[in-house]
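Notes to accompany the following structure.
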Amino acid sequence: MSFSRKRVAILISGRGSNMRSLVEAARDKHFPAEIALVLSNVASAEGLKFAQGQGIATELVEHKAFSDRESFERAMQARLEAHGIELVCLAGFMRVLTAWFVEQWRGKMLNIHPALLPSYRGLHTHERALADGVKIHGATVHFVSPEMDAGPIVVQAAVPVLDGDTAEILAARVLAQEHRIYPLALELVTGGFTRIDGARVHVEGREDSSAALVCPKG
Ligand code: GRF
């Protein structure tokens with residue numbers, strides 16, 4: 001049976017640990033996506049070195065080199081098209097995207113956010129969760145919509161907030177789950193198991209149709 005893997009680009013700005021989890025998942029030849037490109041807007045992004053070491057194509061498009069957001073994004077778009085990219089994964093990509101760019105990738109761009117959306121959009125999610133005294137926190141993979149940290153949710157994982165947690169301890173507990181749910185979400189989307197229906201993503205055609213992971217022990 002012929003099987004064509006979707007060509008995926010991962011956009012990063014720094015460490016790239018989520019990128020790495022996607023690269024590792026896509027090593028399996030049965031995984032429905034191949035990581036065809038890692039693109040960064042920051043030359044010193046640690047993740048770029050890892051990708052190069054894996055023999056993955058990389059591109060650097062520095063936002064600093066452009067006078068406005070859209071010309072930066074048009075340069076990224078040209079690179080994505082040159083590599084024949086079919087789906088984009090944002091993974092710690094620290095630039096706000098314009099509605100123009102988001103529209104180019106409607107239904108074809110995922111993001112990972114370190115909180116249970118729609119709670120704690122934006123930055124410093126772990127500090128804010130601790131300050132609020134919530135008992136449950138987590139991570140979300142969602143399709144990107146023009147509004148920041150919003151869009152149909154594909155997978156979420158929940159972790160407990162424990163007495164004595166610092167933002168660093170909580171971040172590490174959440175990050176471990178991010179590394180599980182991003183590959184799962186990419187597999188569901190590129191494998192054709194998801195259908196967007198307004199705000200809801202239906203997972204269909206899989207025995208295990210659950211798109212939520214609850215991790216009581218963190
Ligand atoms: C992650 O916590 C991700 O959820 C957020 O930015 C962080 C990136 O970490 N969007 P890494 O670069 O993937 O290690």
Side-chain angles (χ1 to χ4, degrees), residues 8-27 33 35 37-54 56 58-63 76 87-97 101-102 105 109-130 134 136-161 165-187 189 211-213 215 218:
V8 170
I10 308 175
L11 272 50
I12 64 169
S13 299
R15 180 176 59 180
S17 70
N18 278 291
M19 177 268 292
R20 196 174 174 137
S21 74
L22 295 175
V23 167
E24 278 160 10
R27 277 201 194 119
I35 309 307
L37 176 67
V38 172
L39 183 153
S40 177
N41 64 315
V42 177
S44 59
E46 293 156 58
L48 276 178
K49 286 190 218 101
F50 171 80
Q52 284 156 357
Q54 298 291 306
I56 297 169
T58 60
E59 293 277 2
L60 176 65
V61 183
E62 287 183 290
H63 62 278
M76 284 203 301
L87 186 122
V88 171
C89 289
L90 306 177
F93 184 69
M94 303 304 284
R95 302 303 296 169
V96 173
L97 298 169
F101 188 79
V102 173
W105 294 97
M109 181 156 59
L110 297 171
N111 180 45
I112 186 149
H113 183 71
L116 288 173
L117 290 174
S119 293
Y120 304 117
R121 291 175 171 152
L123 298 174
H124 310 299
T125 56
H126 311 306
E127 288 85 347
R128 288 155 60 206
L130 286 173
V134 298
I136 297 174
H137 187 43
T140 304
V141 180
H142 62 96
F143 284 102
V144 175
S145 67
E147 197 187 339
M148 198 179 68
D149 297 331
I153 291 169
V154 184
V155 185
Q156 291 188 305
V159 304
V161 180
D165 274 356
T166 61
E168 291 70 32
I169 293 170
L170 185 55
R173 190 177 302 125
V174 170
L175 189 65
Q177 300 310 319
E178 293 183 37
H179 296 160
R180 294 178 65 196
I181 65 173
Y182 215 170
L184 171 60
L186 182 60
E187 184 187 352
V189 170
L213 301 177
C215 312

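Whatever order the structure lists them in is the order used to number ligands and atoms, beginning at 1. These values consider heavy atoms only, across backbone and side chains, with no hydrogens, waters or symmetry-generated copies.
Residue contact check for ligand 1: Ile12 places no non-hydrogen atom closer than 4.0 Å to it.
Looking from atom 11 (P) of ligand 1 to the surrounding protein, the closest heavy atom is Ser17 N, 3.4 Å. Of the protein's non-hydrogen atoms, Glu178 OE1, 2.7 Å is the one closest to atom 4 (O) of ligand 1. Looking at atom 6 (O) of ligand 1, its nearest protein heavy atom turns out to be Gly92 CA, 3.6 Å. Among protein heavy atoms, atom 10 (N) of ligand 1 sits closest to Ile112 O, 3.0 Å. Counting only heavy atoms of the protein, atom 9 (O) of ligand 1 lies nearest to Arg15 NH2, 3.1 Å.
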Kindly determine whether Val154 and Leu184 satisfy side-chain contact (heavy atoms from CB on, under 4.5 Å), including the steps that lead there.
CA-CA 9 Å; Val154 184; Leu184 171 60; over 6 Å; no
Take Phe50 and Val23, measure what side-chain contact (heavy atoms from CB on, under 4.5 Å) needs, and give me the verdict at the end.
CA-CA 10 Å; Phe50 171 80; Val23 167; 4.1 Å; yes
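His137 and His126 have their aromatic ring centers within a separation under 6.0 angstrom.
Defined by atom type and a distance below 3.5 Å, a donor-acceptor pair is missing between the side-chain atoms of Arg20 and Gln54.
Listed by number with element, the atoms of ligand 1 under 4.0 angstrom from any heavy atom of Gly16 are 11 (P), 12 (O), 13 (O), 14 (O).
Here the closest heavy-atom approach between residue Ala43 and residue Glu62 is recorded as CB-OE2, 3.8 Å.
In terms of polar-atom proximity, defined here as any N/O pair under 3.5 Å, Asn111 makes no such contact with ligand 1. Residue Met19 places no N or O, backbone or side chain, under 3.5 Å from any N or O of ligand 1.
Judged by distance alone, with hydrogens and angles left aside, the side-chain atoms of His113 form a donor-acceptor pair with the main-chain N or O of Tyr120 at under 3.5 Å.
The line from CG of Leu39 to CG of Leu60 is 8.0 Å long, rounded to the nearest 0.5 Å.
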